[in-house]
Amino acid sequence: MSGATTEHPPASLPSTNPTLSLWLSPDANPLAREGSEGPLTSDADICIIGSGLTGVGVAYHLSEAIESRALVPGSPLRVVILEARDFCGGATGRNGGNLTPISFICFAERKEQYGIDETMRSCDLEAHSTSSMIDIADRNGWSKDVDMVKTTNISLLLTEDEERKVRTDVECAKSANLSLDGVQWFTKEEVQETFQTHYPAVTRPGCNLWPLKLVTKLYECSKQRAGEYFDLKLHTHTPVTSVVKASPDTNRTWLLSTPRGHILCSRVVHATNGYASHLLPTFAGPNGIVPTRSQVIATRAFVGPEHFQPYSWRGNQDGFAYWFPRPLEPGEHYPLVIMGGIRTAAEPSFERFVDDDSTLNPIVGKALRDFLPTIFEGKFEHGREPEMEWTGIMGYTAMADPFVGPVIDLATGNNADFKGQYISAGYGGHGMPRAFACAEVVAQMIIAELAGREWNHPPWLPKRYLTWNRTRCCN
């Protein structure tokens, strides 16, 4: 199959002994080993590979369509989610938590590259995705259960060049009539007075949460919709090792192999993000989906929560960095701060083409440790070790945008060899505000196909996300 090269082979399967992520602590993951023992489902209508926000999001949107009677299949739609490790054990569960839509960030650059319509759709998709998740949590009374904090995201502008760029972005977004509600500028004097750090800043609305807990709720909600027309099963610790054409004497199209046995199905959804090329070698290499390792620490501040909450933060010194405080646990006086990014410290690779999250990069680790004590003098202790540190694998693309839609051969644009397979992957480290909406797109494509009607392009979906529009940028 075209795509993979010796220089850039397909990604490996996820490591069997990943670093321990705070988000995946055993007491927070009741579905960790769900379906890992006993009989393996052998036949399904749809197999979803990956149990993160994308995979579970597809199942959620399918179940919603059936519950609302937007789709009424003649027999129960049998959906199976397959996960190589613990439930939600990929990038969503390991790295996520910052649910802040892009808003004006990089607006001018995107406008120059893709035009105003595509740039507005980039913003619209993230607004749709985040508002959908927040609305679902609010409507079902989950907000407290998933530690959802509706907050203000503060971008510290650490260099004059960055400040000029962001001001250009805001002005460009304003001229395009993008909603800038909640966007506010602060001089370095105002920031110094309020936060005791000497950089100018700009704010935008944001949110953070415990991603695993939200994905668990979405799965449980989907499972509860099971009935006459819908059946959902989950098999964790069941890595898919190959997807091949099924024998012509079966009534299914695809045969999935796992160490526990085989599954026949009619449709496959690849929701594996940075690991996508393991099963789809055409997505290996720089024009496909590049596995890229992220590193995260959980470190304790030495001032009360009033100095950080209800804020989340980002900054660009030595590479993109983000951080936000966790809600205080009973008996805690100082907030635990989650911080990730700064992989540009790992020159020259920047952790690209690294798909192993069982180890840490000490260079990135040092950069993470040094960042907050330098930015906030006196609020974090220099030299103090974090309480936890872990890595996770993201998926990057040449356009920094995901592939969404039917699987294609990137070299030719041909779908014939993959008919019935779909993908939503390659979020460029920005999956929390995008994955749920992209999952909705894939689910709607499948629903349209099952119902024998034409799929309608949502007005908020960037056209460049669609797989059939990507071959011209990938050759």
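Sequential numbering from 1 along the given sequence is applied to the chain's residues.
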Can you tell me if [X] uses its side chain to pair, donor with acceptor, with the backbone of [Y] under 3.5 Å?
| X | Y | answer |
| --- | --- | --- |
| Asn140 | Ile136 | yes |
| Thr236 | Glu83 | no |
| Glu109 | Cys106 | no |
| Asn415 | Val407 | yes |
| Arg78 | Cys265 | no |
| Thr258 | Gly261 | yes |
| Ser129 | Leu125 | no |
| Thr272 | Gly50 | no |
| Glu34 | Phe87 | no |
| Thr292 | Val290 | yes |

Side chain proximity check, [X] to [Y], heavy atoms < 4.5 angstrom:
| X | Y | value |
| --- | --- | --- |
| Leu218 | Leu53 | yes |
| Ile423 | Ile289 | yes |
| Leu82 | Ile263 | yes |
| Lys419 | Thr253 | no |
| Met445 | Leu466 | yes |
| Arg453 | Ile447 | yes |
| Lys150 | Asp138 | yes |
| Val441 | Trp455 | yes |

Does a salt bridge link Arg267 with Glu449, judged by any charged N lying under 4.0 Å from a carboxylate O?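 Looking at Glu449 together with Arg267, the answer is yes, because their closest N to O distance falls below 4.0 Å.
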
Please determine whether a side-chain nitrogen of the Lys or Arg among Lys223 and Glu220 lies less than 4.0 Å from a carboxylate oxygen of the Asp or Glu.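 Looking at Lys223 and Glu220, the cut-off is not met.
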
Listing request: all ring-ring contact (aromatic ring centres under 6.0 Å, His included) pairs with a residue in residues 115-144, at least two apart in sequence or in separate chains.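 Qualifying pairs, neighbours excluded: His128-Trp460.
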
Within the 3.5 Å criterion, strictly below it, is a donor on Ser122 or Tyr114 matched to an acceptor on the partner's side chain?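 Tyr114 and Ser122 do not have a side-chain donor-acceptor pair below 3.5 Å.
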
Does a donor on one side chain sit under 3.5 Å from an acceptor on the other, for Tyr465 and Arg121?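 On atom types as modelled, these side chains do not qualify, holding no pair under 3.5 Å.
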
Scan residues 85-99 for pairs that pass salt bridge (charged side-chain N to carboxylate O under 4.0 Å, His left out), counting only residues two or more places apart or in two chains.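 Matches after skipping sequence neighbours: Arg85-Asp357, Arg94-Asp357.
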
Enumerate the salt bridge (charged side-chain N to carboxylate O under 4.0 Å, His left out) contacts for residues 62-73, please, sequence neighbours excluded, ordered by first and then second residue.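 Listed once each, the pairs are Glu67-Arg225.
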
side-chain hydrogen bond (donor to acceptor under 3.5 Å, both in side chains) with Arg352: which residues, sequence neighbours excluded?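 side-chain hydrogen bond (donor to acceptor under 3.5 Å, both in side chains) list for Arg352, sorted by chain: empty.
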
With sequence neighbours excluded, tell me which residues meet side-chain hydrogen bond (donor to acceptor under 3.5 Å, both in side chains) with Ser266.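 Ser266: side-chain hydrogen bond (donor to acceptor under 3.5 Å, both in side chains) contacts with Arg252.
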
Verdict with supporting geometry, Ile66 and Leu62, side chain to side chain contact (heavy atoms under 4.5 Å, CB included): CA-CA 6 Å; Ile66 290 174; Leu62 289 170; 5.5 Å; no

For a side-chain hydrogen bond (donor to acceptor under 3.5 Å, both in side chains) with Arg293, tell me which candidate from Asn95, Asp355, Thr359, Thr391 qualifies.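 The side-chain hydrogen bond (donor to acceptor under 3.5 Å, both in side chains) with Arg293 is passed solely by Thr359 among Asn95, Asp355, Thr359, Thr391.
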
Going through the distances and angles, do Ile154 and Phe324 end up as a side chain to side chain contact (heavy atoms under 4.5 Å, CB included)? CA-CA 10 Å; Ile154 302 174; Phe324 57 92; over 6 Å; no

Before you tell me yes or no, could you show the steps for Ser12 and Asp356 under side chain to side chain contact (heavy atoms under 4.5 Å, CB included), namely the whole-Å CA-CA distance, both residues' side-chain angles and the distance that decides it to 0.1 Å? CA-CA 8 Å; Ser12 302; Asp356 178 12; over 6 Å; no

Salt bridge (Lys or Arg N to Asp or Glu O under 4.0 Å) between Arg470 and Asp401, worked out: CA-CA 10 Å; Arg470 293 292 277 273; Asp401 294 315; 5.9 Å; no

Return the [atom1] to [atom2] distance between [X] and [Y], rounded to the nearest 0.5 Å.
| X | Y | atom1 | atom2 | result |
| --- | --- | --- | --- | --- |
| Leu209 | Leu214 | CG | CG | 6.0 Å |
| Thr203 | Tyr311 | OG1 | OH | 9.0 Å |
| Ile342 | Phe320 | CD1 | CZ | 10.0 Å |
| Arg110 | Met399 | CZ | CE | 10.0 Å |

Minimum-distance pair of heavy atoms, taken over all atoms of [X] and [Y]:
| X | Y | value |
| --- | --- | --- |
| Ser312 | Thr100 | OG-OG1, 4.2 Å |
| Lys213 | Ala28 | CE-CB, 4.2 Å |
| Pro205 | Pro101 | O-CD, 4.2 Å |
| Trp390 | Ser21 | NE1-OG, 3.4 Å |
| Leu264 | Ala246 | CD2-CB, 3.7 Å |

Derivation and outcome, side chain to side chain contact (heavy atoms under 4.5 Å, CB included), residues Val296 and Trp23: CA-CA 11 Å; Val296 187; Trp23 303 122; 5.6 Å; no

Aromatic Tyr396 / basic Arg343 pairing, under 6.0 angstrom, 45° off normal: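 Verdict for Tyr396: a cation-pi partner in Arg343.
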
Does the pair Tyr219 and Ser51 meet the rule for a side-chain hydrogen bond (donor to acceptor under 3.5 Å, both in side chains), with working shown? CA-CA 9 Å; Tyr219 175 81; Ser51 67; over 6 Å; no

So among Leu336, Ile297, Val337, Leu368, which one has a side chain to side chain contact (heavy atoms under 4.5 Å, CB included) with Pro386?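 The option that passes is Ile297.
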
Going through the checks in order, is the side-chain hydrogen bond (donor to acceptor under 3.5 Å, both in side chains) test met by Glu351 and Asn361? CA-CA 9 Å; Glu351 300 289 78; Asn361 186 318; 3.1 Å; yes

Taking only residues two or more places apart in sequence, or in another chain, which ones meet Tyr60 in a ring-ring contact (aromatic ring centres under 6.0 Å, His included)?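 Once residues adjacent in sequence are excluded, the partners of Tyr60 under the ring-ring contact (aromatic ring centres under 6.0 Å, His included) criterion are Phe436.
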
Within a 6.0 Å radius of atom NZ on Lys111, are there more than 12 heavy atoms belonging to other residues, nucleotides or ligands?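 Atom NZ in Lys111 is not crowded, with 12 or fewer foreign heavy atoms closer than 6.0 Å.
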
Within a radius of less than 6.0 Å around CD of Glu37, do more than 12 heavy atoms belonging to other residues, nucleotides or ligands occur?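 Counting other residues, nucleotides and ligands, CD of Glu37 stays at 12 neighbours or fewer.
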
Step by step, work out the salt bridge (Lys or Arg N to Asp or Glu O under 4.0 Å) result for Lys463 and Asp117. CA-CA 10 Å; Lys463 294 179 181 178; Asp117 289 345; over 6 Å; no

